[in-house]
Amino acid sequence: VLTPGSNIDGRGAVGDPAWRRFARANGAALLGCHFADARPRQREIYTRAELGGGPALLAALAAWAKEEGEATLAAAPLLLWGHSAGGQFNHAFALWRPAFVVNKGGYYGERPPSAAAVRVPGLFIIGGEDLPRRARAIRRIFAAGRARGAAWVLACEPGAGHEERGAAALARVFF
């Protein structure tokens, strides 16, 4: 599941050659998402997966499974790749329905991870040149999870700011 940054349409990301090779090599399906708030905000509401985006994603998977005649698709394990607000959505989704990778987000809720969420391997990526507040936010949620025994790892991408750069390649290795 590919979830891009703030209000960006990520449906075209399924055409990315690297993601297509990854999907073929791992027997995976690709799903690109377009989440957007009705009114743009500083902190996107859609990143709070439990408030609508999460159920919408699951409903889309169920509809896709029905259309394709592949019932198992609706209940398949999810690998979530997200950048910026997409990473924030993935973190919120994992707290709600565990599975994720976080890439260079900036705003996260204060809710502690559940027992189910800490059992799901998670990758948090910080851009070495990103805004300090974003790095602090990611380190804070990472530390909160690790304190509860989370199977999470933290990576810093040297020389990168808030852009994706090499983070997607790292996520594919992680998956």
Side-chain angles (χ1 to χ4, degrees), residues 1-41 43-109 111 113-125 141 145 150-152 163-175:
V1 178
L2 309 175
T3 54
S6 183
N7 298 303
I8 296 172
D9 187 344
R11 293 174 289 186
V14 299
D16 178 271
W19 280 116
R20 292 179 71 80
R21 282 190 302 275
F22 172 83
R24 271 193 304 278
N26 292 283
L30 292 174
L31 176 64
C33 297
H34 181 201
F35 292 116
D37 286 326
R39 290 178 297 146
R41 296 176 165 86
R43 293 186 182 182
E44 299 85 350
I45 300 300
Y46 74 83
T47 62
R48 295 182 57 200
E50 73 281 5
L51 296 181
L57 173 58
L58 296 177
L61 284 168
W64 189 20
K66 184 176 181 180
E67 183 178 310
E68 294 296 321
E70 293 286 341
T72 58
L73 188 57
L78 301 178
L79 298 174
L80 300 172
W81 158 253
H83 174 254
S84 192
Q88 292 164 213
F89 171 84
N90 293 351
H91 176 257
F93 191 93
L95 295 179
W96 181 64
R97 297 276 197 273
F100 68 102
V101 165
V102 170
N103 179 34
K104 303 174 186 173
Y107 303 102
Y108 297 91
R111 202 166 52 135
S114 67
V118 299
R119 287 191 302 272
V120 175
L123 170 62
F124 292 79
I125 303 171
I141 62 168
W152 297 350
E163 71 278 0
E164 284 190 41
R165 285 180 84 184
L170 177 59
R172 286 188 288 274
V173 172
F174 176 78
F175 287 150

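Just so you know, residue 1 is the first one in the sequence shown, and it goes up from there. Computed from heavy atoms alone, side chains included, the values below leave out hydrogens, waters and symmetry copies.
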Heavy-atom closest contact (A49 atom, P55 atom, distance): O-CD, 3.3 Å
Review item, side-chain donor-acceptor pairs of residues 66-74, under 3.5 Å, at least two apart:
none

For the residue pair L61 and L78, establish whether any side-chain heavy-atom pair is separated by less than 4.5 Å. yes
Side chains of V1 and T3: closer than 4.5 Å at any heavy-atom pair? yes
Assess the residue pair I125 and L170 against the criterion (side-chain contact (heavy atoms from CB on, under 4.5 Å)); give the C-alpha distance rounded to whole Å, side-chain angles, the decisive distance to 0.1 Å, and a yes or no. CA-CA 9 Å; I125 303 171; L170 177 59; 4.1 Å; yes
Smallest heavy-atom separation, G122 atom then F174 atom, equals C-CZ, 3.6 Å
Is it true that F89 and F35 have ring centroids separated by less than 6.0 Å? yes
Minimal non-hydrogen separation, A117 against A94, with atom names: CB-O, 3.6 Å
Pairwise side-chain contact, H91 with F124, heavy-atom cut-off 4.5 Å (strictly under): yes
When rounded to the nearest 0.5 Å, the distance separating NE2 of H83 from CD1 of I8 is 8.0 Å
Does the Y46 side chain pair with the main chain of G86, one donor and one acceptor, at a distance under 3.5 Å? no
To the nearest 0.5 angstrom, please state how far the CG atom of L57 sits from the CG atom of L80. 7.0 Å
With a 3.5 Å distance limit and no angle check, can you tell me whether D9 reaches the backbone of R11 through a side-chain donor-acceptor pair? yes
Is a side-chain donor or acceptor of D37 paired with a backbone partner of N7 at a separation under 3.5 angstrom? no
Between W64 and L30 the two heavy atoms that sit nearest each other are CH2-O, 3.2 Å
All N/O donor-acceptor pairs, side-chain side in residues 13-24, below 3.5 Å, sequence neighbours left out:
unit_1 : atom_1 : unit_2 : atom_2 : d
D16    : OD1    : A18    : N      : 2.9
D16    : OD1    : W19    : N      : 3.0
R20    : NH1    : V14    : O      : 3.3

For the residue pair I141 and W152, what are the closest heavy atoms and their distance? O-CZ3, 3.4 Å
Indicate the atoms forming the closest heavy-atom contact of G5 with S84, along with that distance. CA-CB, 4.0 Å
Within the structure provided, determine whether L58 and F93 are in side-chain contact (heavy-atom separation under 4.5 Å). yes
